[in-house]
Amino acid sequence: MALRFEILGRFNRARAARLILPHYECQTPLFMPVGTQGTIKGLTTCQLEDIGCQIILGNTYHLALRPTSELIDELGGLHKFMNWPRALLTDSGGFQMVSLLHLADITEKGVTFQSPVDGKPMLLTPEESIQIQNRIGADIIMALDDVVKTTITGPRIEEAMYRTLRWIDRCIAAHKRPHEQNLFGIVQGGLDPVLRDICVRGLVKHNLPGYAIGGLAGGEDKDSFWRVVAQCTAALPEHKPRYVMGVGYPLDIVVCSALGADMYDCVYPTRTARFGTALVPEGVLKLKHKAMADDMRPVDPTCDCMLSHDLEVFKLCSLAETCTHQLLKDSFQNLFASFCRKCSPKVMFPNGSATPWRLLGLTFLHVVPHFHRSPVK
């Protein structure tokens, strides 16, 4: 195991921790911007350091296609390839089973993709995924899982969950650098609490360095999403990092941190910036609207960073850092309350009641005025 995880402070289920990895000592909760092909578009690595980025996420599937993991290995690993001194995490390629489903054929052996680059078939097995990630050299590597959209129902959800458990054994056996790279397992099971529980128990018995909660943020309603996160964080080991995959909306980062999660990633901030939308404390600002043509005010007067694409990444990295500081100062409930006040009651209370939040263990929400608008049963 190539990491240490030390909890420094907590409030109810939320916790602030020190995550010590081979290349960097991180503070959690933390947000990881996505550099699919070894770069964050629009930003240099120096800028990423300046705005407090601790871990960058790369993608196994895309890096294997080009420039290839063999070339990255020859050049000294992804850290040297992209001139990044801090930590890296590589996804397994499993998400492409959803995003590139029209190019994928999934079997027990693995998943065969038709390359979007040259059309050639590429078989990604659990063993090959780990071998590629061993060559890339990230601090954290992810097990290949069978991923399906949460909006799908029926036997495919159960099939994917059990295949994920079978594949974790193959990933562990293929992992040749356990003292340099940390293999995380991924909890699947859709929105079914029984399947999620089976998957958690099946992964935890392997005593992995950390665990991810996958298969979410794919179109399900907020209530279902947060309930799955709450269930999984409650069942996963207390002394291991917990990573909720694909989460990038500010509200979700705060809520999931309140539920006991530690790590998040999403393309949301960089993609949002490239399409001319800025994240500001009040929400989003669409810079391409005609009303902005002669508006000379700063995008966010509370932010002193150089205004470029880094604003959106900075906001989410800074938000996660704020969660850490508030937890260490024992005032996390104030941060949570401020987010709740900005949200529509329909978002926070989709069923018109605060009862689900109390069931999730967020018993401090009496500080939020919205809670007095609906009776608590």
(message) In the structure I gave you, are the side-chain heavy atoms of N182 and P22 within less than 4.5 Å of one another anywhere?
(response) yes
(request) May I ask you to check whether over 12 heavy atoms, not counting those of R166, lie within 6.0 Å of atom CZ? (result) yes
(request) Say whether, by atom type as modelled, one donor and one acceptor occur between the side chain of E128 and the main chain of T125 under 3.5 angstrom. (result) no
(message) Using only atom types and a distance under 3.5 Å, with no angle test, would you say the side chain of K41 pairs donor to acceptor with the backbone of T270?
(response) no
(message) Would you compute the distance between atom CG of N59 and atom CD of Q37 and round it to the nearest 0.5 angstrom?
(response) 8.5 Å
(request) Could you give me the CA-CA distance, side-chain angles and deciding distance for I198 and Y162, then say whether side-chain contact (heavy atoms from CB on, under 4.5 Å) is met? (result) CA-CA 9 Å; I198 293 171; Y162 279 112; 3.6 Å; yes
(request) Please answer whether the main-chain N or O of L30 pairs with a side-chain N or O of Q54 as donor and acceptor at a distance below 3.5 Å. (result) no
(request) Using distance alone, with no hydrogens and no angle criterion, decide if Q133 and T90 have a side-chain donor and acceptor under 3.5 Å apart. (result) yes
Pairs of donor and acceptor atoms involving the side chains of residues 253-264, under 3.5 Å and at least two apart or interchain, shall be tabulated with distances.
unit_1: S257; atom_1: OG; unit_2: I253; atom_2: O; d: 2.8
unit_1: S257; atom_1: OG; unit_2: Y264; atom_2: OH; d: 2.8
unit_1: D262; atom_1: OD1; unit_2: R15; atom_2: NE; d: 2.8
unit_1: D262; atom_1: OD2; unit_2: R15; atom_2: NE; d: 3.4
unit_1: D262; atom_1: OD2; unit_2: R15; atom_2: NH2; d: 2.9
unit_1: D262; atom_1: OD2; unit_2: R242; atom_2: N; d: 2.8
unit_1: Y264; atom_1: OH; unit_2: S257; atom_2: N; d: 3.0
unit_1: Y264; atom_1: OH; unit_2: A261; atom_2: O; d: 3.3

(request) Go through C199 and L165 one step at a time and tell me if the side-chain contact (heavy atoms from CB on, under 4.5 Å) criterion holds. (result) CA-CA 7 Å; C199 198; L165 289 180; 4.0 Å; yes
(message) Checking the side chain of R170 only, and the main-chain atoms of K109 only, is there a donor and an acceptor separated by less than 3.5 Å?
(response) yes
(request) Apply side-chain contact (heavy atoms from CB on, under 4.5 Å) to Y268 and V247, showing your working. (result) CA-CA 8 Å; Y268 174 64; V247 167; over 6 Å; no
(message) Which residues pass the side-chain contact (heavy atoms from CB on, under 4.5 Å) test with R271, not counting sequence neighbours?
(response) V267, R274, F275
(request) Grab the two heavy atoms, one from S92 and one from D145, that are nearest each other, plus how far apart they are. (result) OG-OD1, 3.8 Å
(message) Could you work out, with side-chain contact (heavy atoms from CB on, under 4.5 Å) as the rule, every residue matching R86, not counting sequence neighbours?
(response) Y24, E49, W84
(message) My understanding is that only residues two or more places apart in sequence, or in another chain, count here; which of them pass side-chain contact (heavy atoms from CB on, under 4.5 Å) with D192?
(response) V194, L195
(message) Testing E180, H175, R177 one by one against N134 for a side-chain hydrogen bond (donor to acceptor under 3.5 Å, both in side chains), which residue passes?
(response) H175
(message) Nearest 0.5 Å, please: how far is CD1 in I213 from CD1 in I186?
(response) 11.0 Å
(request) Side-chain contact test, heavy atoms from C-beta onward, threshold under 4.5 Å: evaluate it for Q231 versus V200 and give yes or no. (result) no
(message) Taking the side chain as everything from C-beta on, heavy atoms only, tell me whether C232 gets closer than 4.5 Å to Y211.
(response) no
(request) Determine whether M82 and L88 make a side-chain contact, defined as any pair of heavy atoms from C-beta on separated by less than 4.5 Å. (result) yes
(message) Are K240 and N207 packed together at the side-chain level, in the sense that at least one heavy-atom pair is separated by less than 4.5 angstrom?
(response) yes
(message) Using the side-chain hydrogen bond (donor to acceptor under 3.5 Å, both in side chains) criterion, which residues pair with T60? Sequence neighbours excluded.
(response) none
(request) Name all residues meeting the side-chain contact (heavy atoms from CB on, under 4.5 Å) criterion together with L75; count only those two or more places apart in sequence or in a different chain, and write none if there are none. (result) L71, F81
(request) Measure the OG1-CD distance between T164 and E159 for me, rounded to the nearest 0.5 Å. (result) 10.0 Å
(message) Would you say that K222 contacts D252 through its side chain, given a criterion of any heavy-atom pair below 4.5 Å between the two side chains?
(response) yes
(message) Would the distance check show the side chain of S69 and the main-chain N or O of A64 forming a donor-acceptor pair, the cut-off being under 3.5 Å?
(response) no
(request) Decide yes or no for C266 and V34: does some side-chain heavy atom of the first lie under 4.5 Å from some side-chain heavy atom of the second? (result) no
(message) When you measure from the side chain of R18 to the backbone of E25, do you find a donor-acceptor pair of N or O atoms at a distance under 3.5 Å?
(response) no
(message) Walk me through whether I136 and L63 qualify under side-chain contact (heavy atoms from CB on, under 4.5 Å).
(response) CA-CA 9 Å; I136 291 172; L63 289 171; 3.9 Å; yes
(message) When you measure from the side chain of T233 to the backbone of A230, do you find a donor-acceptor pair of N or O atoms at a distance under 3.5 Å?
(response) yes
(message) Does any part of the side chain of L191, heavy atoms only, come nearer than 4.5 Å to the side chain of L216, both counted from C-beta?
(response) yes
